Number of protein chains: 2
Amino acid sequence: MSEPSVANTLRRPRAPRKTASTDPVSPSVDTPEPSSGLDTSYLETLLGYNARRAALAVITVFLRRMEPFGLRPVDFSVLTLIAHNPGVTSRQLCAELDILPPNLVGMIKSLDKRGLIVRKPHPSDRRAQGLHLSAEGKRLQKQAQTTATRLEHDVSHALTPAELETLNTLLRKVYLR
Amino acid sequence: MSEPSVANTLRRPRAPRKTASTDPVSPSVDTPEPSSGLDTSYLETLLGYNARRAALAVITVFLRRMEPFGLRPVDFSVLTLIAHNPGVTSRQLCAELDILPPNLVGMIKSLDKRGLIVRKPHPSDRRAQGLHLSAEGKRLQKQAQTTATRLEHDVSHALTPAELETLNTLLRKVYLR
DNA sequence: TATTGTTATACTCTATAACTATA
DNA sequence: TATAGTTATAGAGTATAACAATA
């Protein structure tokens, strides 16, 4: 059976709330205007629920904008980590992105076939291989990073720049450490 | 081929940062102390990355705490929506939680077999069926909701109550509307 | 003995097509 | 003609076991 997949437990919701619930446990919050008929007020008090939905909202846009580059979020993360950490090993990428080694093999193979990365022998460990971006990989990653940075502002149009910075800071406080 | 799965594009990362990158596009941020060797400073400026990691951090704890109840996040969401919206239809749950109808069938069937929900004929539409919690379902959902609410405070131990409220508000601004 | 990269493979999650019975 | 619930199934994503080469 194995441990349940964490990533798979994330789902993508669609629409929002209604009124408040008569629940003794749920924290009372301002429940805004209805929209899709159902009362989702309690779920909207949960950090996990809100963070998941926000992440999925951003990722939906990410998928659309990165389509021209043929990059999924995980591909972008891998390329970006290689770009900023030339010579990084597969094992390091796995640890950082929480990908299991067997599942990274295909991604690396694919990026290699596309000519975006090159694998060089590791200087001190002949088992490992250092990962580097090719010239084309560097160009693609730079374009993709620019796209990601622009996307950052677009998806947070409802927030002021200060609010966005606060949001990112608070999110890092949740998952770092 | 079909549209790429949004939920599946979420991955669970593990450890954090290092130094800053010499990238002309990446917004400059305070890059804190290293920890796992790799430079992840740019990724940590991205809302999607931070929201995903925060969501996964919360969900990891959620999975552990909900194990005694035999509930995955999606099961908890379904039970909670039924609890707060008695008589809700499968179709409504699908729209709200962005689950495709064929994929909800098994979950509903499972909750039914466990005796947690009951399906009653819909008062005005004989195609549909209204979903309700059984007595046992109500007890389990209440316990689970209490657990979720407690978890809310535990996972945000690095935040003040005011910060947590701010965080939830900002997250809702990202995905609502 | 442990670790890197790898293959093979099983399990879970997500998506599409198509059916039935009602509307 | 369209919709609610359902079945069957295909495709992505995620997991474990085991192996060869090297540490």
Side-chain angles (χ1 to χ4, degrees), chain A residues 1-14 37 52 56 59-60 63 70-75 77-78 87-113 117 119-131, chain B residues 1-14 37 52 56 59-60 63 70-75 77-78 82 87-113 117-131:
Chain A
M1 192 62 51
S2 85
E3 182 176 319
S5 156
V6 176
N8 271 348
T9 60
L10 294 175
R11 290 239 166 18
R12 131 186 72 137
R14 192 169 286 151
R52 186 188 105 237
L56 292 171
I59 287 172
T60 297
L63 287 172
L71 296 179
R72 301 165 302 163
V74 66
D75 300 314
S77 296
V78 167
V88 65
T89 68
S90 287
R91 221 62 191 201
Q92 287 177 295
L93 292 179
C94 285
E96 187 58 50
L97 298 173
D98 203 10
I99 298 169
L100 292 169
N103 299 329
L104 184 65
V105 172
M107 304 179 204
I108 294 296
K109 195 176 295 182
S110 171
L111 295 173
D112 194 1
K113 271 185 185 167
I117 64 173
R119 301 188 242 193
K120 300 181 183 175
H122 190 94
S124 61
D125 187 340
R126 279 185 302 173
R127 295 171 304 180
Q129 46 195 345
L131 301 174
Chain B
M1 190 61 52
S2 82
E3 184 176 317
S5 156
V6 175
N8 270 349
T9 59
L10 295 173
R11 289 239 167 19
R12 130 185 73 137
R14 194 169 282 153
R52 185 187 105 236
L56 291 171
I59 287 172
T60 297
L63 287 172
L71 296 179
R72 300 166 302 163
V74 64
D75 299 316
S77 295
V78 166
I82 296 176
V88 65
T89 67
S90 287
R91 219 65 191 199
Q92 287 178 294
L93 292 178
C94 285
E96 188 59 49
L97 298 173
D98 204 10
I99 299 169
L100 292 168
N103 298 329
L104 185 64
V105 172
M107 305 179 203
I108 295 295
K109 195 177 293 182
S110 171
L111 296 173
D112 194 2
K113 271 185 185 166
I117 64 174
V118 291
R119 301 188 242 193
K120 300 180 183 175
H122 190 92
S124 61
D125 187 340
R126 279 185 303 172
R127 294 171 304 179
Q129 47 195 345
L131 301 174

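In what follows, chains carry the letters A, B, and so on, assigned in the order in which the sequence lines appear, proteins first and then strands, with residues in each chain numbered from 1. It should be emphasised that the depicted structure is a prediction, and the values quoted were computed from it without experimental measurement.
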If you check every side-chain atom of A:V105, which of D:dA23, C:dA15, C:dT6 has the closest atom? C:dT6

Can you tell whether the side chains of A:D75 and A:R72 come within less than 4.0 Å, N to carboxylate O? yes

Rounded to the nearest Å, what distance is computed from the CD1 atom of residue A:I108 to the P atom of nucleotide C:dT4? 15 Å

Taking the nucleotide of DNA chain C with the nearest heavy atom to each, does A:G130 or B:S124 sit closer to the 5' end? A:G130

B:R91 side chain: which of D:dG5, C:dA23, C:dA17 is closest? D:dG5

For the pair made of CZ in A:R72 and C1' in C:dT14, what is the distance, rounded to whole Å? 15 Å

Rounded to the nearest Å, what distance is computed from the CG atom of residue A:L93 to the C1' atom of nucleotide C:dT4? 13 Å

Separation of D:dA12 P from A:L63 CG (nearest whole Å): 14 Å

Taking any heavy-atom pair under 4.0 Å as a contact, classify A:N103: base, sugar-phosphate, or nothing. base

Between A:K109 (NZ) and C:dG5 (P), how many Å, whole number? 14 Å

note: A:D125, atom CG; D:dA21, atom P; distance rounded to Å ~ 16 Å

Between atom CG in B:L97 and atom P in C:dT14, what is the gap in whole Å? 12 Å

Return the OG1 to CG distance between B:T89 and B:L104, rounded to the nearest 0.5 Å. 9.5 Å

Between C:dT6 (P) and A:M107 (CE): distance, integer Å: 13 Å

Reference residue A:L93; test side-chain contact (heavy atoms from CB on, under 4.5 Å); the match among A:L131, A:I99, A:V74: A:L131

Measuring from the side chain of A:R126 (C-beta onward, heavy atoms only), which nucleotide among C:dC13, D:dT22, D:dT16 has the closest atom? D:dT22

Checking C:dA15, C:dG5, D:dG5 against the side chain of B:A128 (C-beta onward), the nearest is D:dG5

What nucleotide among D:dA23, C:dA17, C:dT6 has an atom nearest to a side-chain atom of A:Q129? C:dT6

Among C:dT16, C:dC13, D:dG13, which is the nearest nucleotide to the side chain of B:P102? C:dT16

Out of curiosity, B:D112 CG to B:I108 CD1, how far, rounded to the nearest 0.5 Å? 8.5 Å

Check: B:P73 main-chain N/O paired with B:S77 side-chain donor or acceptor under 3.5 Å: yes

As a test of reading the structure: which of D:dA21, D:dG5, D:dA8 is closest to the side chain of A:R127, going by heavy atoms? D:dA21

